[in-house]
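Below is one structure, written out as structure tokens; the observations come after it.
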Amino acid sequence: MNPAGNLTRYVSDGKRFVQQSSWKTDARTWEELFALPQKNGDMLLAGLTKDRLQLYGWLIRNGQMKPLKPFVFRSKVMGEMQVRQAAGTLFISKADAVSGLEVQMDEAAKQWKITKTELELPSEDGWVRFGDYNGDGMEDILRWNPQTMRYSVYLKGSDGTWRSLSAFGPWGPPNDGSRLMIKDMDGNGKSDLVLLNRTDGFADLALSFESRNALAP
């Protein structure tokens with residue numbers, strides 16, 4: 001998506017990315033943009049305005065794009081926004097929090113719906129990162145403290161609750177402005193950690209080799 005208001009979709013042909021579709025949107029710049037894959041194959045896009053006061057949305061279904069009604073926040077979004085891949089939603093949270101705001105699409109009204117979500121985690125310093133760290137298909141949580149560069153891992157059990165698995169660190173320089181991203185970098189179905197430092201241009205990678213039955217008795 002560019003500031004002129006063009007939304008373009010590219011797909012891979014195995015060697016390169018080629019343009020598949022293009023749609024016209026509002027001409028503006030965005031503070032953040034997110035892609036939210038839906039379980040039914042639809043793609044939902046979310047755009048936070050530069051003033052962090054409005055959230056726009058676009059639903060792509062069967063090659064057609066439909067805009068959602070923008071959501072207007074009462075005040076600037078000061079928390080961090082991240083995608084919850086398992087649910088196809090956005091999650092807004094602050095540092096050291098054990099709850100946050102869940103942002104999802106109201107299918108009937110074609111607008112955003114926001115609800116408060118309790119994570120039922122122990123109180124702990126740091127930011128929440130969702131991922132599947134043992135490859136069992138369930139959504140786990142990593143707690144990351146950028147001041148100490150220490151990490152705590154919580155795996156989701158079959159009963160739907162998160163249980164502490166391990167803690168490790170320090171890993172990475174503290175307070176250097178690095179951003180922690182969660183991606184499956186080696187294609188083994190498990191979420192890995194990527195520390196990206198935009199100042200020096202370096203990225204540190206930690207691969208996950210956690211067993212699927214790590215919490216089994």
Side-chain angles (χ1 to χ4, degrees), residues 34-44 46 55 57 59 71 77 79-109 111-172 179-195 205-217:
F34 303 92
L36 313 175
Q38 303 296 290
K39 292 181 179 180
N40 62 357
D42 293 345
M43 178 61 71
L44 186 60
L55 186 68
L59 174 65
F71 184 92
V77 177
E80 181 182 69
M81 306 180 78
Q82 64 176 302
V83 177
R84 295 186 70 174
Q85 296 286 350
T89 63
L90 274 178
F91 189 76
I92 306 174
S93 63
K94 296 181 179 180
D96 314 331
V98 293
S99 63
L101 297 178
E102 195 87 25
V103 183
Q104 57 187 314
M105 180 182 68
D106 184 323
E107 175 68 34
Q111 64 184 23
W112 294 114
K113 179 174 64 174
I114 298 182
T115 55
K116 185 176 181 180
T117 300
E118 297 288 343
L119 296 178
E120 298 182 358
L121 293 175
S123 180
E124 191 176 2
D125 294 338
W127 295 90
V128 165
R129 289 290 186 275
F130 296 98
D132 182 3
Y133 299 106
N134 62 345
D136 64 354
M138 293 188 175
E139 184 183 58
D140 309 314
I141 288 179
L142 177 86
R143 177 80 79 170
W144 166 53
N145 189 331
Q147 279 71 47
T148 63
M149 297 307 286
R150 294 187 178 275
Y151 309 76
S152 300
V153 181
Y154 297 87
L155 296 186
K156 177 174 281 189
S158 58
D159 59 357
T161 62
W162 286 288
R163 288 175 283 175
S164 175
L165 173 69
S166 63
F168 64 94
W171 175 61
R179 179 182 178 184
L180 179 64
M181 299 185 296
I182 309 299
K183 299 290 182 182
D184 180 6
M185 300 299 291
D186 56 358
N188 68 350
K190 302 175 184 180
S191 299
D192 306 309
L193 313 184
V194 183
L195 271 178
L205 173 64
L207 298 177
S208 176
F209 296 98
E210 188 58 62
S211 170
R212 294 190 179 188
N213 59 356
L215 292 179

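Side-chain atoms are counted along with the backbone in the values below, which use heavy atoms only and exclude waters and symmetry mates. Because the structure is predicted, anything quoted here is derived from the model rather than measured.
Here CG of Leu55 is found 6.5 Å from CG of Leu90. Values are rounded to the nearest 0.5 Å. Residue Thr89 holds its OG1 atom at 11.5 Å from CG of Leu101, rounded to the nearest 0.5 Å. Atom CG of Asp42 sits about 7.5 Å away from atom CD of Glu107, to the nearest 0.5 Å. For the atom pair CG (Asn134) and NZ (Lys190), the distance works out to 7.0 Å, reported to the nearest 0.5 Å.
The shortest distance between side-chain heavy atoms of Met149 and Leu195 falls below 4.5 Å.
Among all heavy-atom pairs drawn from Phe91 and Ser99, the shortest one is CZ-C, 4.0 Å. Contact between Pro37 and Gln85 at its shortest, heavy atoms only, is CD-OE1, 3.8 Å.
By the side-chain hydrogen bond (donor to acceptor under 3.5 Å, both in side chains) test, Ser191 pairs with no residue at all, sequence neighbours left out. With sequence neighbours left out, Tyr154 forms a side-chain hydrogen bond (donor to acceptor under 3.5 Å, both in side chains) with Glu124. Residues forming a side chain to side chain contact (heavy atoms under 4.5 Å, CB included) with Met181 (at least two apart in sequence, or on another chain): Arg179, Val194, Leu196. The side chain to side chain contact (heavy atoms under 4.5 Å, CB included) test applied to Ala108 returns Asp106, not counting sequence neighbours. Every ring-ring contact (aromatic ring centres under 6.0 Å, His included) that Phe71 has, sequence neighbours left out, goes to Phe73. Every residue two or more places apart in sequence or in another chain that forms a side chain to side chain contact (heavy atoms under 4.5 Å, CB included) with Asp186 is listed here: Asp184, Asn188, Asp192, Leu207. Under the side-chain hydrogen bond (donor to acceptor under 3.5 Å, both in side chains) criterion, Asp96 pairs with no residue at all, not counting sequence neighbours. Partners of Gln104 by side-chain hydrogen bond (donor to acceptor under 3.5 Å, both in side chains), not counting sequence neighbours: none found. Residues meeting the salt bridge (charged side-chain N to carboxylate O under 4.0 Å, His left out) test with Lys116, sequence neighbours left out: Glu118. Annotation: side chain to side chain contact (heavy atoms under 4.5 Å, CB included) contacts of Arg129 (sequence neighbours excluded): Glu80, Gln82, Trp127, Tyr133, Leu142, Trp144, Leu180, Ile182.
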When you look at Leu205 and Met185, which way does the side-chain contact (heavy atoms from CB on, under 4.5 Å) test go after all the steps? CA-CA 9 Å; Leu205 173 64; Met185 300 299 291; 3.6 Å; yes
Could you walk me through whether Leu59 and Met105 pass the side-chain contact (heavy atoms from CB on, under 4.5 Å) check? CA-CA 9 Å; Leu59 174 65; Met105 180 182 68; 4.2 Å; yes
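Relative ring orientation between Trp162 and Phe130 is described as tilted, the plane-to-plane angle lying within the 30° to 60° band.
A donor-acceptor pair is defined here as one N or O able to donate and one able to accept, closer than 3.5 Å; such a pair exists between the side chain of Gln38 and the backbone of Leu36.
Sorted by first then second residue, the salt bridge (charged side-chain N to carboxylate O under 4.0 Å, His left out) pairs that include residues 137-153, not counting sequence neighbours, are Arg84-Glu139.
Side-chain N/O atoms of Thr115 and Glu102 include no donor and acceptor closer than 3.5 Å.
Remark: Glu120 CD is loosely packed, at most 12 non-hydrogen atoms of other residues, nucleotides or ligands lying under 6.0 Å away.
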